[in-house]
2 protein chains.
Amino acid sequence: MRTSLKDFKKKALQNPEVKSEYDRLSSAYELRKQLIKIRKDAGFTQEELAELLHTKKSNISRLENVNSKISPKLSTIEEYARAVGYKLEINFILQS
Amino acid sequence: MRTSLKDFKKKALQNPEVKSEYDRLSSAYELRKQLIKIRKDAGFTQEELAELLHTKKSNISRLENVNSKISPKLSTIEEYARAVGYKLEINFILQS
DNA sequence: GACTTTGTTATCATTTATGATAACACTTAC
DNA sequence: GTAAGTGTTATCATAAATGATAACAAAGTC
């Protein structure tokens, strides 16, 4: 293989448009990984958490699912976090 | 005055339901203060930012307004931040 | 005082997230 | 292998955020 996947990624990320999309997706991915982590750390299944939030497990799955194309409301994330014993902290980092 | 405002607040915040509502409102308030701050630091008016985001100044005002009862989408906040040169960082803090 | 700039508020249309239900896939324990 | 537990996916109805327009308010400029 002439061009490795890694090289391709590196090159692609030099394209500003690609990078921007990458950042957006990766932060969405990170968020969902974090959601799953705090739920599991708190020892809840999706169904148990759904009950705490007065909703259904399918909705929790959608929220946590990486493939999901939704951008959740801030309040949804806050309530999810609170239900499993966490608090949301939001910071704005100057892009350098 | 027998009961000072401060005492009232302190007492009220011992009521879990009141505290929960207080936290929610105060974090929403903080968020909006931060939004306004980063926009001003970047030197934009609401109208200028609106143009960057392909929307209207009234919508920016609604987003920034403390009295607003909306809970914005995560993507809305992310795009706002990015447009004024900031990146969003989200952390989940264990409630102790 | 009139004028410009900036932000606010109300309203309506449109888009999108969320709620609910059901069927399915996967794992694990029996 | 089958039954229970857990998570996924598709779909539809409902609620809520966002987009757009217009009129207004406040503050500063001349």
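In what follows, chains are A, B, ... by sequence order, proteins preceding strands, each numbered from 1. From a predicted model like this one, the values you see are computed outputs, not experimental measurements.
Checked by atom type, the side-chain pair N65(B)/S61(B) shows no donor-acceptor distance below 3.5 Å.
Taking atom CD of residue E78(A) and atom P of nucleotide dA16(D), one finds them 16 Å apart after rounding to whole Å. As a whole-Å value, the separation of I60(B) CD1 from dT21(D) P is 15 Å. Atom CD in E47(B) sits about 13 Å away from atom P in dT8(C), given to the nearest Å. Between the P atom of dT18(D) and the OH atom of Y80(B) lies a distance of 13 Å, rounded to the nearest Å. One interatomic measurement links the two molecules: CG of L35(A) to C1' of dG7(D), which rounds to 15 Å at whole-angstrom precision. Distance R62(B) CZ to dT9(C) P: 12 Å, rounded to the nearest Å.
Annotation: the span from I60(B) atom CD1 to L35(B) atom CG amounts to 9.5 Å, rounded to 0.5 Å. Expressed to the nearest 0.5 Å, how far OH of Y86(B) lies from CD1 of I38(B) amounts to 6.5 Å.
Ranked by how close their nearest DNA chain C nucleotide is to the 5' end, K73(B) and Q46(B) are led by Q46(B). Residue S75(A) is the one, among K57(A) and S75(A), whose nearest nucleotide of DNA chain C lies closer to the 5' end (criterion: closest heavy atom).
Each of R32(B), K33(B), R39(B) was evaluated against E64(B); a single residue qualifies, R39(B), per the side chain to side chain donor-acceptor pair (under 3.5 Å) test.
The residue S58(A) sits close to a base: some heavy atom pair falls under 4.0 Å.
Distance from the side chain of N59(B) is smallest for dG19(D) among the nucleotides dG19(D), dT8(C), dT21(D).
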